[in-house]
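Below: one structure, written as structure tokens.
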Amino acid sequence: GAGVSQTPSNKVTEKGKYVELRCDPISGHTALYWYRQSLGQGPEFLIYFQGTGAADDSGLPNDRFFAVRPEGSVSTLKIQRTERGDSAVYLCASSLMGQPQETQYFGPGTRLLVL
Amino acid sequence: AQTVTQSQPEMSVQEAETVTLSCTYDTSESDYYLFWYKQPPSRQMILVIRQEAYKQQNATENRFSVNFQKAAKSFSLKISDSQLGDAAMYFCAYRSARGGSEKLVFGKGTKLTVNP
């Protein structure tokens, strides 16, 4: 595709519900990243995929957060038993091969609001 | 762990003037990459400029340039001939050159306002 796309653009849910956030990276990019951006903060790393596997999930805050990338393209970030503190913008980025010098291209994010 | 600090929560500049945004970082590594990203209200982060730590020459991209001081661990962004479209949040970011550390570490950002 022309760029990284994320759906939905906005998501409102109730505390305790389950949500899925989708990321469609740039075609051909093997590296995919999820970040979380709380209000007034910079993005914080959650997880990095190289192909289908999670190469680094050290940023996931707890076991309520899980992400998959089964075919090495689209990724889904899953949040169980949502809490109000999960409210944030969830950003996805992709890069060609995950090399340090490469540009990470970001999507527009999904704004999650947990009531 | 690496940290990135942006000490200016907000800055303003007159159209056509020059403004400098500050960034400092803390790391024990010698090889790394530094980035400035722009985030307009649309939320999409856009890369402005990149600097490789092993390069002494400061990076430039049209009206954007950096002042990279490795010993001081400082990486400021200079925007010349500011335009209304430059108004956005600007984030400084660090990335290790070490394999297995692919994540970007961001500062808290600086909100830039451009006055006509």
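Residue numbering restarts at 1 for every chain, and letters A, B, ... go by the order of the sequence lines. No experiment lies behind these values; they were computed from the predicted model shown. In what follows, every heavy atom counts, from backbone to side chain, and hydrogens, waters and symmetry copies are set aside.
Other residues, nucleotides and ligands contribute over 12 non-hydrogen atoms within 6.0 Å of the CD atom of Gln101(A). Counted within 6.0 Å of NZ on Lys78(B), heavy atoms from surrounding residues, nucleotides or ligands total 12 or fewer; the atom is thus considered open. Counting non-hydrogen atoms of neighbouring residues, nucleotides and ligands closer than 6.0 angstrom, the CG atom of Asn62(B) reaches no more than 12 such neighbours. More than 12 heavy-atom neighbours from other residues, nucleotides or ligands sit within 6.0 angstrom of CZ on Phe106(B). Residue-environment remark: CZ (Phe65(A)) exceeds the threshold of 12 foreign heavy atoms within 6.0 Å. Atom CG of Leu84(B) is surrounded by more than 12 heavy atoms from other residues, nucleotides or ligands within 6.0 Å. For Lys70(B), the NZ atom counts as densely surrounded, since its 6.0 Å shell holds more than 12 non-hydrogen atoms of other residues, nucleotides or ligands.
Residue contact with chain B, scored on non-hydrogen atoms closer than 4.5 Å, involves the side chain of Leu91(A) exclusively. Both the backbone and the side chain of Ser9(A) come within less than 4.5 Å of a heavy atom in chain B. Gln39(B) touches chain A through its side chain: at least one heavy atom from C-beta onward sits under 4.5 Å away, while N, CA, C and O do not.
Across Gln41(A), Gln50(A), Gln99(A), Glu44(A), the residue that shares the most heavy-atom pairs under 4.5 angstrom with chain B is Gln41(A). Chain B forms more heavy-atom pairs under 4.5 Å with one residue of Gly107(A), Pro43(A), Ala31(A), Ser95(A) than with any other, namely Pro43(A).
Rounded to the nearest 0.5 angstrom, Phe106(A) CZ and Ile46(B) CD1 are separated by 11.5 Å. Atom CE in Met45(B) sits 9.5 Å away from atom CD in Gln104(A) (nearest 0.5 Å).
Between Glu102(A) and Arg50(B), the shortest heavy-atom distance links the atoms C-NH1, 3.7 Å. When all heavy atoms of Thr103(A) and Tyr37(B) are compared, the pair lying nearest together is CG2-OH, 4.2 Å. Taking every heavy atom of both residues into account, Tyr33(B) and Pro100(A) meet most closely at CE1-CB, 3.6 Å.
Side-chain heavy atoms closer than 4.5 Å link hydrophobic residues (I, L, V, M, F, W, Y) into clusters, and following such links, possibly through other members, connects Met11(B) to Val48(B).
Tyr33(A) places no side-chain N or O within 3.5 Å of a backbone atom of Leu104(B) that could act as its donor or acceptor partner.
Considering only heavy atoms from C-beta on, Arg43(B) stays 4.5 Å or farther from Gln37(A) through its side chain.
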